[in-house]
Amino acid sequence: MTTPIPSSHWAIAGIDLAGSPARPTGICILTGDRARTQLAFDDTEILDLVRAAGPDLVPIDAPLSLPPGRREIGDRNGEHFRPCDRELQRRGIRFFPITLGPMRMLTERGLRLKAQIETEGLVPVECYPGGAIDVWGLPRQQHDREALRRGLARLGVRGLRAGLSGHELDAVAAALVGRDFFTGAAEMIGGEDGMLLPLAE
């Protein structure tokens with residue numbers, strides 16, 4: 001993946017994807033420095049929101065690739081960790097291995113949504129809001145949502161009303177990582193099929 005050309009009118013669609021359509025997915029459309037957030041459920045609803053935004057980049061909080069040697073997530077051959085996972089380990093960032101438990105369902109949905117977004121001519125990319133939030137020195141949403149909201153606002157995101165859900169806040173963080181990529185403040189770890197993460201200061 002190459003760095004997109006910055007534009008004064010770019011838009012980013014950050015997605016905090018749930019493993020099941022029965023659970024809420026957070027969506028953030030970040031245009032310039034202004035965010036609009038909402039919750040969505042099924043894939044059609046998510047795709048409709050993304051398509052309407054016409055984003056330059058779609059950072060998704062879900063695994064969008066498989067470990068080396070695996071053809072599908074249920075394949076027991078191959079490795080448990082991807083190169084980007086090993087880089088998270090090296091940096092001391094906590095994460096759930098994608099081959100364990102409910103992460104398998106999330107991985108299947110993420111791969112399916114990635115393919116659907118690509119058919120729209122858009123660019124999906126994996127990100128990890130929890131890891132990004134750690135790099136920024138902010139509390140994760142399950143620890144202090146209001147402090148996270150204020151911290152994201154300090155990073156230059158406008159329109160973050162009080163009382164946002166944790167799913168929406170993680171979607172904002174996903175979109176913000178996309179913005180950081182535009183400005184050269186984020187990198188792709190683990191190669192072309194890796195994930196976006198902010199640069200450590």
Side-chain angles (χ1 to χ4, degrees), residues 1 4 7 9-65 96 98 102-103 105-133 136 138-142 145-146 148-153 155-182 186 195-198:
M1 178 177 174
S7 163
H9 301 292
W10 48 252
I12 302 168
I15 301 175
D16 176 44
L17 189 65
S20 166
R23 296 179 56 239
T25 284
I27 306 287
C28 173
I29 306 302
L30 183 64
T31 305
D33 61 359
R34 180 159 293 278
R36 290 185 295 108
T37 68
Q38 70 179 86
L39 298 176
F41 288 86
D42 63 39
D43 290 2
T44 299
E45 187 180 3
I46 294 169
L47 285 166
D48 285 347
L49 290 168
V50 171
R51 187 185 300 113
D56 300 285
L57 194 64
V58 187
I60 303 174
D61 179 16
L64 301 184
S65 64
F96 292 108
I98 73 170
M103 290 297 292
M105 182 185 298
L106 178 62
T107 300
E108 289 176 345
R109 192 180 189 195
L111 290 169
R112 188 168 60 247
L113 189 64
K114 174 187 177 183
Q116 292 171 317
I117 289 172
E118 287 176 335
T119 64
E120 299 288 335
L122 301 174
V123 183
V125 61
E126 182 175 340
C127 70
Y128 179 29
I133 288 164
W136 293 323
L138 301 175
R140 295 198 186 193
Q141 56 93 357
Q142 60 266 36
R145 270 187 277 176
E146 178 56 24
L148 174 57
R149 184 188 71 83
R150 293 195 303 266
L152 292 170
L155 291 173
V157 181
R158 296 192 298 156
L160 301 181
R161 66 187 186 280
L164 289 178
S165 69
H167 306 295
E168 289 169 290
L169 290 171
D170 276 353
V172 173
L176 187 53
V177 174
R179 187 183 78 176
D180 282 354
F181 182 62
F182 276 169
M195 68 174 67
L196 284 184
L197 200 69

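All residue numbers refer to positions in the sequence shown, counting from 1.
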So which atom in Leu49 and which in Ala40 form the shortest heavy-atom distance, rounded to 0.1 Å?
CD1-CB, 4.0 Å
Between Thr119 and Gln116, is a side-chain hydrogen bond (donor to acceptor under 3.5 Å, both in side chains) present by the stated rule, with each step listed?
CA-CA 5 Å; Thr119 64; Gln116 292 171 317; over 6 Å; no
Pro55 and Val50, any side-chain heavy atoms less than 4.5 Å apart:
yes
Lys/Arg-Asp/Glu bridge criterion (N-O < 4.0 Å) met for Glu108, Arg112
no
If you round to the nearest 0.5 Å, how far is CH2 of Trp136 from CG of Leu155?
6.0 Å
Would you call Phe182 and Asp56 a side-chain contact if the rule is heavy atoms closer than 4.5 Å?
yes
Is there side-chain contact between Asp180 and Pro198, with heavy atoms separated by less than 4.5 Å?
yes
Is the CZ atom of Phe41 crowded by more than 12 outside heavy atoms at less than 6.0 Å?
yes
Where do Ala175 and Ile12 come nearest, in terms of heavy atoms and distance?
O-CD1, 3.6 Å
To the closest 0.5 Å, what do you measure between CG (Leu138) and CD1 (Ile133)?
7.0 Å
Heavy-atom nearest pair, Ser165 first then Leu39, reads OG-CD2, 3.6 Å
With side-chain contact (heavy atoms from CB on, under 4.5 Å) as the criterion, how do Leu113 and Leu17 come out once you've worked through the C-alpha distance, each side chain's angles and the decisive distance to 0.1 Å?
CA-CA 10 Å; Leu113 189 64; Leu17 189 65; 3.9 Å; yes
Indicate the atoms forming the closest heavy-atom contact of Ala13 with Pro59, along with that distance.
O-CD, 3.2 Å
The side chain to side chain contact (heavy atoms under 4.5 Å, CB included) partner of Val125 among Val58, Leu57, Ile117, Leu64 is Leu57
Minimum side-chain heavy-atom gap Leu169-Arg145 below 4.5 Å:
yes
Step-by-step side-chain contact (heavy atoms from CB on, under 4.5 Å) determination, Glu126 to Ile60
CA-CA 5 Å; Glu126 182 175 340; Ile60 303 174; over 6 Å; no
Are Leu30 and Val157 side-chain neighbours, meaning at least one heavy-atom pair lies under 4.5 Å?
yes
Side-chain heavy-atom pair Arg179, Asp33 within 4.5 angstrom cut-off:
yes
Decide yes or no on side-chain contact (heavy atoms from CB on, under 4.5 Å) for Asp61 and Ile15, but give the supporting numbers first.
CA-CA 6 Å; Asp61 179 16; Ile15 301 175; over 6 Å; no
Any chance you could lay out the side-chain contact (heavy atoms from CB on, under 4.5 Å) test for Arg149 and Arg161, step after step, and finish with the verdict?
CA-CA 8 Å; Arg149 184 188 71 83; Arg161 66 187 186 280; over 6 Å; no
Backbone N or O of Ala11 within a donor-acceptor pair of the Thr31 side chain at under 3.5 Å?
no
So OH of Tyr128 and CE of Met195: to nearest 0.5 Å the spacing works out to 8.0 Å
Do Asp43 and Arg109 have side-chain heavy atoms sitting under 4.5 Å apart?
yes
Run the salt bridge (Lys or Arg N to Asp or Glu O under 4.0 Å) test against Arg36 and tell me which residues pass, sequence neighbours left out.
none
Gln38 side, atom CD; Leu164 side, atom CG - distance, nearest 0.5 Å
12.0 Å
Going by an N to O cut-off under 4.0 Å, is there a salt bridge joining Asp170 and Arg140?
no
Return the minimal non-hydrogen interatomic distance between Cys127 and Ala174, and the atom names on each side.
SG-CB, 3.4 Å
Of the non-hydrogen atoms in Gly19 and Arg23, which two are nearest, and what is the gap between them?
N-NH1, 3.9 Å
How long is the span from the CG atom in Leu196 to the CG atom in Leu176, to the nearest 0.5 Å?
11.5 Å
Given side chains that start at C-beta, do those of His167 and Pro24 come closer than 4.5 Å, heavy atoms only?
yes
